Number of protein chains: 2
Amino acid sequence: MKPTIYDIAREAGVSIATVSKVINNTGRIGDKTKQKVMKVMKELDYQPSIVASALTGKRTHTIGLLIPDIANPFFAEIARSVEDMGNELGFSVMMCSTDNNIDKESKYISLLEQKRVDGIIIATGTRNTDVLQNLLKKKLPIALIARDLPSLPVDTVLVDDYMGGYEATSHLISLGHQKISIIAEDLKVMSSKERIRGYRQALEDHGMEYDEEQIHVSDFTIEGGREVAATILAENNPATAIFACNDLLAMGVIQAAREIGVEIPSDLSIIGFDNTILASLCDPPLTTIAQPIQDMGKQVVELLVKEIKQEKQSKQRVVLMPSLEVRNTTSDNTKNLV
Amino acid sequence: MKPTIYDIAREAGVSIATVSKVINNTGRIGDKTKQKVMKVMKELDYQPSIVASALTGKRTHTIGLLIPDIANPFFAEIARSVEDMGNELGFSVMMCSTDNNIDKESKYISLLEQKRVDGIIIATGTRNTDVLQNLLKKKLPIALIARDLPSLPVDTVLVDDYMGGYEATSHLISLGHQKISIIAEDLKVMSSKERIRGYRQALEDHGMEYDEEQIHVSDFTIEGGREVAATILAENNPATAIFACNDLLAMGVIQAAREIGVEIPSDLSIIGFDNTILASLCDPPLTTIAQPIQDMGKQVVELLVKEIKQEKQSKQRVVLMPSLEVRNTTSDNTKNLV
DNA sequence: ATGAAAGCGCTAACAG
DNA sequence: CTGTTAGCGCTTTCAT
């Protein structure tokens with residue numbers, strides 16, 4: 001069996017209270033006893049049980065990370081930065097892929113509560129406000145990343161989606177495109193709405209017409225992007241540029257274009273969003289709006305941990321700026337220059 | 001405060017033992033009391049504390065997953081399948097990215113022990129046999145995925161790397177390539193050795209010369225692949241085909257080739273290993289050796305959980321077959337046909 | 001400076 | 001069929 005605090009106490013000839021104190025470096029213990037206890041702990045390869053410690057009201061030092069899918073490069077990258085920062089601050093992270101499914105989400109959250117995690121970071125897109133509201137009531141610290149729920153008083157870290165949408169569209173416009181389609185993820189999700197708003201504003205600022213018809217909705221899969229793009233390209237007088245609201249969608253657009261022989265970027269310009277590893281590897285490399293993933297992950301964890309340690313009273317929203325990453329899927333709209 | 005078993009007991013007018021029994025569905029309890037208790041649990045939104053339950057010797061229903069990097073698509077995909085299967089069997093997974101760093105690995109393992117995880121799945125590549133040996137001694141269930149440690153009696157799920165190396169090389173040979181380089185991950189790691197052995201055997205079976213000079217070593221990063229490939233392509237009479245031991249490496253090779261104007265596949269054929277999402281998205285799409293990731297993840301979890309539940313006595317090795325996925329980075333070696 | 005003891009929320013005999 | 005009770009390993013007053 002694993003040695004317990006009793007074994008250490010016995011072996012060191014002290015009480016368990018003393019051992020506990022040296023473990024936690026609390027109270028006052030003589031230097032000799034301290035050394036002695038530490039020595040015994042080493043010898044017996046003793047590891048305090050976090051489970052037992054948590055039962056007495058201390059933290060579990062574990063946080064939950066709710067994301068749509070860990071196999072999605074964008075979220076995998078977020079997960080990595082969350083894990084790194086969490087680890088640095090002494091927290092392990094439990095991963096929960098919800099597929100944006102409301103049931104899975106609830107189930108996972110309930111599970112995390114049972115396991116008494118110290119806090120939860122949420123990146124999933126469901127508009128599951130009730131469950132979150134509930135968490136809030138229970139005082140379970142939560143923080144949002146890459147996701148916005150303005151109605152909820154929670155720490156949030158995200159990119160300025162409106163700005164991103166604006167920049168993406170402006171880039172396309174500056175290249176001479178007159179008909180620009182947008183493929184959004186989900187009209188009900190805030191970030192999606194904001195990107196569309198940015199798209200619209202850019203159009204209007206440049207005196208171009210905003211046409212509802214050009215708004216297409218898909219999900220966050222390659223397949224989804226492929227299908228929608230196929231529809232768009234099959235139109236009579238198809239758009240010469242497509243703004244895909246995430247890189248995965250953009251991959252789908254590239255595939256769809258390739259399938260019907262549409263050249264990128266000469267026949268069709270494409271811009272994505274996220275700047276995942278895919279953007280630099282696909283063919284041709286994708287022009288996209290970059291999110292500062294590392295920074296975002298780092299900041300949510302910091303916020304959440306402060307919340308956990310009750311080192312702060314007010315909730316915060318930190319909005320980071322996205323940036324345009326020009327690669328090879330966008331170019332002058334030569335067709336219209338003829 | 002969260003309601004405890006005492007709250008339920010009081011509210012339902014029974015003892016905590018009774019409540020415990022209805023929670024775990026053990027012992028015999030009258031139907032009425034059962035209903036009553038369940039009703040109260042619902043009303044108070046009671047969730048049994050897994051922490052407390054674990055302290056009494058029951059499982060934590062949590063497993064650790066040690067991988068080099070969750071942001072690496074191959075491991076992210078593994079993680080997803082592990083998470084899904086784990087979830088299905090009632091286990092949460094804690095993610096641990098070690099960067100193949102021996103210290104991080106030890107630290108994470110120690111942490112997982114403290115948190116009393118029920119078992120650990122290991123996919124990291126360090127030859128950290130001591131730590132594992134230790135785990136084995138402590139009877140902590142562990143299982144290996146995509147990784148082989150023949151000296152250790154542990155459940156293992158992997159692909160036949162030798163076969164994969166053989167197929168990859170044979171494919172290249174069948175295309176007429178006479179000079180084939182291989183970029184391996186780490187000569188000390190079993191899977192790497194096996195892939196090289198397969199490469200060598202294929203060469204010999206086809207009456208071709210095996211040349212140590214053609215074995216190059218890198219890591220598992222794009223950058224690493226790029227650098228090594230640059231070296232290879234800068235040789236006097238460079239290889240006409242490269243077998244990159246993982247997809248990431250292959251991405252680097254593609255980049256290196258592009259940088260110096262070497263056409264793929266006409267000037268250079270490339271084959272990867274893993275068949276991650278990258279393989280289908282890069283440009284040109286990568287011919288590669290596919291690992292049945294879903295199946296692998298599913299099977300390790302099953303093995304580990306059986307081990308945890310002590311439903312099996314003997315350790316097992318399951319070796320799955322890889323398969324060749326032909327895409328566009330390999331073609332006839334036309335040069336030599338001239 | 002150190003120890004005794006109560007208690008965290010739950011499980012598992014053992015009684016009744 | 002249900003309740004009493006003794007832990008599980010640790011933290012935390014409160015004495016000494």
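Just so it is clear, the structure is predicted and the values come from calculations on it, not from any experiment.
- At C/dG3, none of the side-chain N or O atoms of A/Y6 fall inside 4.0 Å of OP1 or OP2 (strictly under the cut-off).
- In this entry the distance linking CE of A/M1 with P of D/dG7 reads 16 Å, nearest Å.
- A/T26 comes within 4.0 angstrom of nothing in the nucleic acid, heavy atoms only.
- Distances shorter than 4.0 Å separate some side-chain N or O of B/S15 from OP1 or OP2 on D/dG3.
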- Task: Dump the intermediate steps for side-chain hydrogen bond (donor to acceptor under 3.5 Å, both in side chains) on B/T62 and B/K115, then the final yes or no.
- Result: CA-CA 9 Å; B/T62 302; B/K115 301 207 169 165; over 6 Å; no
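- For the pair A/S20 and D/dC10, the criterion of a side-chain N or O lying under 4.0 Å from OP1 or OP2 is not met.
- Residue B/K21 places its side chain closer to D/dT2 than to any other of D/dT2, C/dG9, D/dG9.
- Checked by atom type, the side-chain pair A/D118/A/T60 shows a donor-acceptor distance below 3.5 Å.
- Computed from coordinates, the A/I16 CD1 to D/dG9 P distance equals 11 Å when rounded to whole Å.
- Contact annotation: B/S49 side-chain N/O to C/dC8 OP1/OP2 distance is not under 4.0 Å.
- Between the P atom of C/dG7 and the CD1 atom of B/I5 lies a distance of 18 Å, rounded to the nearest Å.
- Residue-to-nucleotide proximity on DNA chain C shows that, of B/V19 and A/A17, the 5′-proximal contact is made by A/A17.
- Across D/dG3, D/dT11, C/dG9, the shortest atom-to-atom separation from the side chain of B/T18 is found for D/dG3.
- Atom CG in B/L55 sits about 18 Å away from atom P in D/dA6, given to the nearest Å.
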